[in-house]
Amino acid sequence: DDFEVLAYDVSAHGYTWQLWCQYDYLTPEWYALKDETAPVRSPSLMGIFAADRKYFGEIGTLDEGMKIYGGENVELAIRVWQCGGEIEVLPCSKVAHIERAHKPYLP
């Protein structure tokens, strides 16, 4: 393991019909803005996210019943939609995440 930082292209986050996460292409409307820092509306979220604390509490925070890694992003995104919220990817944000080579929380 090393601390190499990998850059990701700006994309929206979505799902396959099996609810696996995937990166989605940006819309022509986003490109028409000609602003690489403009937020990208996204149907889902992957990885690290930031939320207004009050709103996050109002929609129920994370589901404590989810004991195995994965799925929380699908469940949370659906809850955001149902509660009238929006998910945006912010291209100008910089976040680093150290991922474990071995995931002890997987079955």
Side-chain angles (χ1 to χ4, degrees):
D1 292 328
D2 60 34
F3 290 104
E4 178 184 4
V5 176
L6 304 174
Y8 284 82
D9 291 331
V10 176
S11 63
H13 304 153
Y15 310 110
T16 66
W17 285 107
Q18 295 79 28
L19 296 180
W20 288 102
C21 297
Q22 67 182 17
Y23 295 105
D24 288 339
Y25 295 107
L26 301 178
T27 64
E29 293 82 11
W30 186 84
Y31 286 108
L33 296 172
K34 299 187 184 308
D35 179 0
E36 293 181 0
T37 65
V40 177
R41 292 190 66 183
S42 183
S44 178
L45 57 101
M46 280 192 262
I48 300 169
F49 68 94
D52 177 270
R53 181 184 297 193
K54 184 174 184 247
Y55 177 75
F56 193 52
E58 289 170 359
I59 66 168
T61 67
L62 292 174
D63 185 342
E64 292 182 21
M66 291 195 169
K67 303 294 185 197
I68 299 187
Y69 174 80
E72 65 280 352
N73 53 336
V74 175
E75 190 264 346
L76 183 57
I78 291 171
R79 214 163 349 117
V80 169
W81 299 341
Q82 291 175 326
C83 295
E86 294 181 0
I87 297 172
E88 294 179 331
V89 176
L90 303 177
C92 59
S93 61
K94 304 289 185 232
V95 178
H97 179 261
I98 299 173
E99 187 171 352
R100 298 178 182 189
H102 169 72
K103 295 175 175 51
Y105 36 79
L106 288 177

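Looking at every heavy atom in both residues, Asp24 comes nearest to Pro43 through OD2-CG, 4.5 Å. Here the closest non-hydrogen pair linking Asn73 and Tyr15 is O-OH, 3.5 Å. When all heavy atoms of Tyr55 and Gly84 are compared, the closest pair comes out as OH-C, 4.4 Å.
Note: Ile87 CD1 to Leu76 CG = 6.5 Å, rounded to the nearest 0.5 Å. With values rounded to the nearest 0.5 angstrom, Leu26 atom CG is found 14.0 Å from Arg41 atom CZ. Separation of atoms CZ (Arg79) and CZ (Phe56) is listed at 7.0 Å; rounding is to 0.5 Å. Atoms CZ and OG, from Phe49 and Ser44 in turn, are 11.0 Å apart once rounded to the nearest 0.5 Å.
Side-chain contact between Pro91 and Val40 is present, with heavy atoms from C-beta onward closer than 4.5 Å. Side chains of Val80 and Gln82 form no contact here, defined as non-hydrogen atoms less than 4.5 Å apart.
At a cut-off of 3.5 Å, with distance as the only test, a side-chain donor of Asp35 or Thr37 sits close to an acceptor on the other residue.
Hydrophobic clustering (side-chain heavy atoms under 4.5 Å, transitive across Ile, Leu, Val, Met, Phe, Trp, Tyr) keeps Leu90 apart from Val10. Val74 and Leu62 fall into different hydrophobic clusters, where Ile, Leu, Val, Met, Phe, Trp and Tyr side chains are chained together by heavy-atom contacts under 4.5 Å.
Residue His13 is tested with Tyr23, Tyr8, Tyr25, Trp20 for a ring-ring contact (aromatic ring centres under 6.0 Å, His included); the sole match is Tyr23.
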